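Structure record follows, encoded as structure tokens.
All values below were derived from every heavy atom in this structure, side-chain atoms included, with hydrogens, water molecules and symmetry-related copies excluded. Proteins get letters first, then strands, A, B, ... in listed order; numbering begins at 1 in each. All values derive from a computational prediction rather than experimental measurement.
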Protein chains: 2
Amino acid sequence: MDRILAVALQLLDEHGAEALTMRRLAEALSSGTATLYRHFASREDLVAQVVDQVFAEMRDEPSGELLGGGELRWQNACRDMAHHMFVVLGRHPGAARLLIDVPPTGPNAMNQRERSLAILLASGFEPRMAARTYATLARYVLGFAMQLTSAPGEEQHLFAGLDAARFPATHALASALPVSLEEEFFFGLELMLKGLGALRARPGPSPPDDPSPL
Amino acid sequence: MDRILAVALQLLDEHGAEALTMRRLAEALSSGTATLYRHFASREDLVAQVVDQVFAEMRDEPSGELLGGGELRWQNACRDMAHHMFVVLGRHPGAARLLIDVPPTGPNAMNQRERSLAILLASGFEPRMAARTYATLARYVLGFAMQLTSAPGEEQHLFAGLDAARFPATHALASALPVSLEEEFFFGLELMLKGLGALRARPGPSPPDDPSPL
DNA sequence: ACCTGAACACCGTTCAAGT
DNA sequence: ACCTGAACACCGTTCAAGT
């Protein structure tokens, strides 16, 4: 039932990931937990569908030219894709946290992957390179999004009053720490896009289909 | 108590993250749950200390020259750091999953950061660049490590029997999907290292201290 | 002073009993 | 045929009662 998923997502957005229990959801629906099991096989099934509901939001607003336009088309495509995924997941940090329990394999996630892969292929990526690039960028976004938290971490003071003798390097960089999750995300993404550019310009010593000799 | 943490880590390694409950841990210690609360303020406290125990393993074996040696020193340092973190966390996938509940702020995590930051500074990184690079690489490793799972995902068949009409791009790349988590990790890491190289060679249109105009 | 059985308030899931 | 109260087997946490 769509209403159940809508209420579940609302519960998640308003009270966080730990609030999404079968009992609280049933109560929010003025029902009993047993009734939920007539619509979902298990809590994991429910969670998977809530997650896929969020992936459905990625269909809208491909977000266009958010950043400077002096770059190659494929680079903008990759950036837009990753940005958009991150922004949508960021609207539902509670749901993003649930990704650790259920990998996104629902229909909306499948559609999102299809659209992304099609864009990469159309942008001139060779097949194996397209698959690897999408997989890596998507996993990158998911890994960061999962770490989104409603409470804004208080690590500020963790570095402020640090023993300069025991932690000289950390102490020296205290004013630059902590780096916000968003800043880390955008910085790392730009690095990967730059790296992809270098790969496409000249495959270099690490061939595209075996970048890691490990 | 060190014995408690050792048994907790063993429980985690042998039976996964969901097996680390206060009751099962107490039972493995031939004790009661109430006794655990004389050593730990809460389950979260226990989990944080187990996680920090894993970070303690990062002290050993800096892993040296794992990869090709034709590159710059700072690049090898960054790669070794990320590889080593990933390998150690990969030895305890159950513990890595717990990172979603507790950010690594224990003493061993502090030491690991101090060592890493010192290496970056010694490798010629400017202060803010060092802070940002470490934060991003560490978060990158954590995001991937959290997604490590004991069970080897069975998404293979997800792409095998896919409707070619509805998912043409995905279908075309079915033989290259799914990409393993490890492959994604190493590929993305190399991209970031390449990107960092480009940044250091010429700061370019995105200055080092503001890579994202968002 | 130290320990712990038993309780409390939760949780996911199931099923017999109701309509 | 559909629904659900109540139970079962868990969970984190606390505390009175024991030693």
- Would you please say whether a donor-acceptor pair under 3.5 Å links the side chains of His171(A) and Glu114(B)? no
Side-chain contact check for Ser42(B): nearest option of dT13(D), dG12(C), dC2(C) is dT13(D)
Mate of dG12(C) across any strand shown (Watson-Crick or G-U wobble, both atom pairs under 3.5 Å) is dC8(D)
If you apply the rule side-chain contact (heavy atoms from CB on, under 4.5 Å), what do you find for Thr105(A) with Asp52(A), and how did you get there? CA-CA 8 Å; Thr105(A) 54; Asp52(A) 202 55; over 6 Å; no
Regarding the side chain of Thr35(B), the nearest nucleotide among dC11(D), dT13(C), dC3(C) is dC3(C)
| said: Measuring to OP1 and OP2 of dC10(D), would you say a side-chain N or O of Arg23(B) lies under 4.0 angstrom away? | reply: no
**Item:** Heavy-atom donor-acceptor pair, Tyr140(B) side chain to Leu189(B) backbone, under 3.5 Å
**Value:** yes
Atom CD of Glu27(B) and atom C1' of dC11(D) are separated, to the nearest Å, by 14 Å
The answer to which of Thr33(B) and Ala19(A) contacts DNA chain C further toward the 5' end, by nearest nucleotide, is Thr33(B)
Rounded to whole Å, the NE2-C1' distance (His39(A) to dT13(C)) equals 16 Å
Looking only at dT13(C), dC3(C), dC3(D), the nucleotide nearest the Met22(A) side chain is dT13(C)
Would Gln53(B) and Gln49(B) count as having a side-chain donor-acceptor pair, cut-off 3.5 Å? no
Rounded to whole Å, the CG-P distance (Leu36(B) to dT14(D)) equals 13 Å
Taking a pair to mean Watson-Crick or G-U wobble geometry with both distances below 3.5 Å, dT19(C) pairs with dA1(D)
Glu184(A) and Ser180(A): CA distance, side-chain angles, deciding distance, side-chain hydrogen bond (donor to acceptor under 3.5 Å, both in side chains) verdict = CA-CA 6 Å; Glu184(A) 293 166 1; Ser180(A) 79; over 6 Å; no
Whole-Å distance, Glu44(A) CD to dC11(C) C1', equals 16 Å
Check: If the P atom of dA7(D) is compared with that of dC8(C), how far apart are they to the nearest Å?
Finding: 16 Å
Against the side chain of Tyr37(B), the closest entry in dC3(C), dT4(D), dG12(D) is dG12(D)
Ranking dC3(C), dC3(D), dC11(D) by distance to the side chain of Arg24(B), first place goes to dC11(D)
On DNA chain C, more 5' by nearest nucleotide between Glu18(A) and Ala34(A) is Glu18(A)
Quick one: label Arg43(A) by what it contacts on the DNA or RNA (base, sugar-phosphate, nothing), any heavy atom closer than 4.0 Å.
sugar-phosphate
